[in-house]
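Following: one structure in structure tokens, then a few remarks.
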There are 2 protein chains.
Amino acid sequence: MKLEVNDIINSLVEHNELRITDQRKKILEILIENKDKHISVEEIYSLSKQKDNTIPIPTIYRAMDILEKTGVIIKNDFGDGFAKYEFFMKEKETHHHLICRKCGKIIEITGLLPEDLYNRLLQEKGFQYEAQSLKIYGYCKECINKLRKPYSR
Amino acid sequence: MKLEVNDIINSLVEHNELRITDQRKKILEILIENKDKHISVEEIYSLSKQKDNTIPIPTIYRAMDILEKTGVIIKNDFGDGFAKYEFFMKEKETHHHLICRKCGKIIEITGLLPEDLYNRLLQEKGFQYEAQSLKIYGYCKECINKLRKPYSR
DNA sequence: ATACCTGCAAATGCTTTGCGGATGG
DNA sequence: CCATCCGCAAAGCATTTGCAGGTAT
């Protein structure tokens, strides 16, 4: 764990002009400890508070911007008002997200898209999509039965 | 045009307990005039100002909430900070959205998903997705050549 | 009559910014 | 040494809400 943080940090320093500070190290630790989740700035803030020292919200935002630009994390906006971040693991299979409109639950899925979709979109539309950037909204198992559908033409 | 607005209004009144006001009529007109676009509250506000009377922003938001709940419009969050609305046309083929991360352009696509995906997700994940709710982020033709990709592990 | 709607101002809540002081390389 | 970063307070900005008066049905 500690090692992985340092690996990333060394790589960052090597390839970029950014500096390594205690705050950024701690943020990276928290991100790695939660690498299977989608975590918000608020949650990172709380977790830093539970550890020794608290990292102020603006500092976290600034760190997230840099980590995103350098490809260490992926920023997601699932429409619930909080940006969500996930640690990027190149080893992990490309996945996409199902988002429940009611409870906000995120379900990860793989193998959803046709194999040739990337090339098809590139050729037909000139559009080059990002891995993991696909989102589908709807309702999860638990929420399906709690719905009302008032009016439709 | 006028007719279509009135049809919708009559249908709304019939099936719901909501009231038809001049403001809501005007908003519906604007939505229909822009039925091929994705339009923001701010744009609706500007367009109402160009017509005879100006509809205040909070009134527009409240109308949009109701129109969305009743299925007349679809609300979209493309991640640029503004909710975007499109008039729902049942005649139109189900479409999805490609969103350019750089310029914000929206490209509509159809026939993207495998036919059986809806049932597969329902059975495998218990997830019931909304038609038209799929989004893929990436870069459009025009923006692809203006990019930099700094660091990747 | 009365439940619903409007319009103004003010509040919300996530995110960003300005700036003086601190610090990594 | 000095460019970058931190931390605090304050600002930004889309969206929401309270409330008093208005309107549709």
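Below, read A as the first sequence line, B as the second, and so on, with proteins coming before strands; counting in each chain starts at 1. All values below come from the heavy atoms of this structure, side chains included, with hydrogens, waters and symmetry mates left out.
In this structure, B/Ile66 places its CD1 atom 14 Å from C1' of D/dT16, rounding to the nearest Å. With rounding to whole Å, A/Lys84 atom NZ is found 13 Å from C/dC14 atom C1'. Rounded to whole Å, the distance from CD1 on B/Ile55 to P on C/dC5 is 15 Å. The distance from atom CE of B/Met64 to atom P of C/dT6 is 13 Å, rounded to the nearest whole Å. Per the geometry, CG belonging to A/Leu18 stands 11 Å off C1' belonging to D/dC5, to the nearest Å. Atom CG of B/Asp80 and atom P of D/dT15 are 9 Å apart (whole Å). Following rounding to the nearest Å, A/Asp77 (CG) and C/dG13 (P) show an atom-to-atom distance of 18 Å. Note: CD1 (A/Ile60) to C1' (D/dC6) measures 12 Å, nearest angstrom.
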Tabulate atom names and distances for all N/O pairs under 3.5 angstrom spanning the protein and nucleotides 17-19 of chain D.
{"from": "D/dG18", "atom 1": "O6", "to": "B/Arg62", "atom 2": "NH2", "distance (Å)": "3.4"}

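For the pair A/Leu98 and A/Ile109, the minimum side-chain heavy-atom distance is below 4.5 Å.
Here the straight-line distance linking atom CG of A/Leu31 with atom CD1 of A/Ile73 works out to 5.5 Å at 0.5 Å rounding. For the atom pair CD1 (B/Ile66) and CD1 (B/Ile27), the distance works out to 10.0 Å, reported to the nearest 0.5 Å. One finds the OG atom of A/Ser133 at 10.0 Å from the NE2 atom of A/His97 (value rounded to the nearest 0.5 Å).
Counting only heavy atoms from C-beta on, A/Ala83 has its side chain closest to C/dT15 among D/dC6, D/dA14, C/dT15. For B/Tyr61, whose side chain is taken as the heavy atoms from C-beta onward, the closest listed nucleotide among D/dC5, D/dT15, D/dG7 is D/dT15. Comparing D/dC6, D/dG7, D/dT15 by their nearest atom to the side chain of B/Ile57 picks out D/dT15.
OP1 or OP2 of D/dT23 has not a single side-chain nitrogen or oxygen of B/Gln23 nearer than 4.0 Å. Distances shorter than 4.0 Å separate some side-chain N or O of B/Arg24 from OP1 or OP2 on C/dT6. Look at A/Thr21 and you won't find any side-chain N or O under 4.0 angstrom from OP1 or OP2 of C/dT23. Taking 4.0 angstrom as the limit, B/Thr59 places none of its side-chain polar atoms (N or O) nearer than this to OP1 or OP2 of C/dT6.
B/Glu42 comes within contact range of no nucleotide atom at all, as no heavy-atom separation falls under 4.0 Å.
The base of C/dC4 is paired with the side chain of B/Arg19 by a donor and an acceptor separated by under 3.5 Å.
Other residues sharing the hydrophobic cluster of B/Ile106, ordered by chain and number and joined by side-chain separations under 4.5 Å: B/Phe78, B/Ile99, B/Tyr137.
Annotation for A/Leu113 and B/Leu113: closest pair CD2-CD2, 4.3 Å, computed over non-hydrogen atoms.
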Donor-acceptor contacts, no H, no angles, side chain residues 114-122 of chain B, under 3.5 Å, sequence neighbours left out:
none

Salt bridge (Lys or Arg N to Asp or Glu O under 4.0 Å) evaluation trace for A/Glu43 with A/Lys37: CA-CA 11 Å; A/Glu43 287 167 325; A/Lys37 303 206 195 96; over 6 Å; no
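Annotation: of the two residues near DNA chain D, B/Asp22 and B/Asp65, the 5′-most nearest-nucleotide partner is B/Asp65.
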